[in-house]
Amino acid sequence: MSATKGATSEQLASKAKAKKRTRDDDGGAKKKRRKSGFEEDEALFDMEAGVNKAIALMDSQLLADHIAQKTTRFNSDKTAIELADLYISPNSIKDTTSWTETRNLEKLPDFLEKFTAQPERLSEAPKIKGSPHTIVVAGAGLRAADIVRALRKYQSKNNTVAKLFAKHIKLQESVDFLTTHRTGVAVGTPKRLSDLVENGALKLDRLERLVVDASHIDQKKRGILDMKEVMNDLLPWLTRKELKDRYTDTSKPVHLLFY
């Protein structure tokens with residue numbers, strides 16, 4: 001019996017050493033960030049379409065948890081109180097899991113119409129200049145330009161699709177545009193959108209929906225929620241008081257959607 005116990009002890013010691021070698025080879029498994037199930041499933045990345053299909057599978061609770069995890073990871077220097085200010089509750093996010101089509105540029109208009117009570121109004125614009133009813137947020141200027149082209153169907157004589165991003169467009173040019181044009185749909189990057197609200201050119205009074213271009217990924221499989229520099233602009237934009245208070249307001253709501 002003692003011989004059996006000795007053999008068992010040697011086997012356990014051997015396994016422990018093997019695990020340690022594995023940790024050492026990997027640079028220390030404990031130091032590695034544990035990925036979520038959505039991040040580990042490579043099948044969810046459609047590189048041909050440039051889409052992370054995981055976003056479409058997340059309901060409001062899962063999206064809120066996903067964003068909260070990213071927020072904590074990208075803001076390790078912030079206090080718990082500061083992180084709380086950036087938190088987006090599940091009740092603030094509209095559930096879009098019923099939409100089963102591919103979340104690419106071609107399908108974006110259909111997505112907007114699916115989650116708009118009166119789709120025909122997407123082609124209209126409030127009379128007050130610089131007061132869009134719909135804002136689509138992209139992670140970069142080039143992507144925003146592609147989205148503008150995808151939404152041209154809503155443009156008319158009295159409804160211009162606004163390009164609110166820094167790529168080849170100076171801030172003053174955006175200000176001049178908003179103060180002289182009626183615009184129902186605006187597409188922009190978080191920093192430019194925030195700057196335009198701050199200087200009063202972009203008005204949020206008539207805003208009805210805020211859409212985050214969340215499914216699009218680049219060749220490195222990164223989307224708008226995966227890049228620290230973009231998220232550090234996106235989160236303060238999404239949690240502005242004039243927006244955050246209206247996500248759950250039943251009288252004059254702003255629907256927050258992740259496409």
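All of these numbers come straight from a predicted model, not from anything done at the bench.
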Flag side-chain contact, heavy atom, 4.5 Å: [X] against [Y]:
X: L235; Y: N75; value: yes
X: T96; Y: D59; value: no
X: Y154; Y: E113; value: yes

Result block: side-chain N/O donor-acceptor pairs under 3.5 angstrom for residues 184-198, not counting sequence neighbours:
from, atom 1, to, atom 2, distance (Å)
K191, NZ, D195, OD1, 3.1
K191, NZ, D195, OD2, 3.0
R192, NH1, F165, O, 3.4
R192, NH1, I169, O, 3.1
R192, NH1, S174, OG, 3.0
R192, NH2, I169, O, 3.1
S194, OG, P190, O, 3.1
E198, OE2, R240, NH1, 2.9
E198, OE2, R240, NH2, 3.1

Give me the atom names and distance for the closest heavy-atom approach of [X] to [Y].
X: S131; Y: P126; result: O-CG, 2.9 Å
X: H181; Y: T160; result: CD2-OG1, 3.9 Å
X: R182; Y: N158; result: CB-O, 3.6 Å
X: A162; Y: F177; result: CB-CE2, 3.6 Å
X: R143; Y: L105; result: NH1-CG, 3.5 Å
X: V148; Y: K163; result: CG2-CG, 3.6 Å

How long is the span from the [atom1] atom in [X] to the [atom2] atom in [Y], to the nearest 0.5 Å?
X: N232; Y: M227; atom1: CG; atom2: CE; result: 12.0 Å
X: E48; Y: N104; atom1: CD; atom2: CG; result: 11.0 Å
X: I93; Y: H66; atom1: CD1; atom2: NE2; result: 10.5 Å
X: T116; Y: E208; atom1: OG1; atom2: CD; result: 8.0 Å
X: S92; Y: L210; atom1: OG; atom2: CG; result: 11.5 Å
X: Q118; Y: E124; atom1: CD; atom2: CD; result: 8.5 Å

Is there a donor-acceptor contact under 3.5 Å linking the side chains of N159 and Q155?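 There is no such pair between these side chains.
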
Under 3.5 Å, is there a donor-acceptor pair linking the side chains of D176 and Q172? yes

Does a side-chain N-to-carboxylate-O contact under 4.0 Å join K221 and E42?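 Here K221 pairs with E42 in a salt bridge, since their nearest N and O are under 4.0 Å apart.
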
salt_bridge(K203, E242) N-O dist < 4.0 Å: no

Please list, one pair per line, the donor and acceptor atoms closer than 3.5 Å that link side chains of residues 251-258 to other protein atoms, with sequence neighbours excluded.
from, atom 1, to, atom 2, distance (Å)
S251, OG, D249, OD1, 2.8
S251, OG, D249, OD2, 3.3
K252, NZ, D205, O, 3.0

hydrophobic_cluster_shared for [Y] and [X], side chain cutoff 4.5 Å:
X: V137; Y: L112; result: no
X: I217; Y: L108; result: no
X: L151; Y: I224; result: no
X: L243; Y: L178; result: yes
X: Y259; Y: L122; result: yes

Using the side chain to side chain contact (heavy atoms under 4.5 Å, CB included) rule, pick out the option among V212, V211, L204 that qualifies with I135. L204

For E82, I'd like to know if atom CD has over 12 heavy atoms of other residues, nucleotides or ligands within 6.0 Å. yes

Given the rule in the side chain to side chain donor-acceptor pair (under 3.5 Å) test, do D95 and T97 qualify, once you have shown the distances and angles that lead to the verdict? CA-CA 6 Å; D95 188 342; T97 52; 2.7 Å; yes

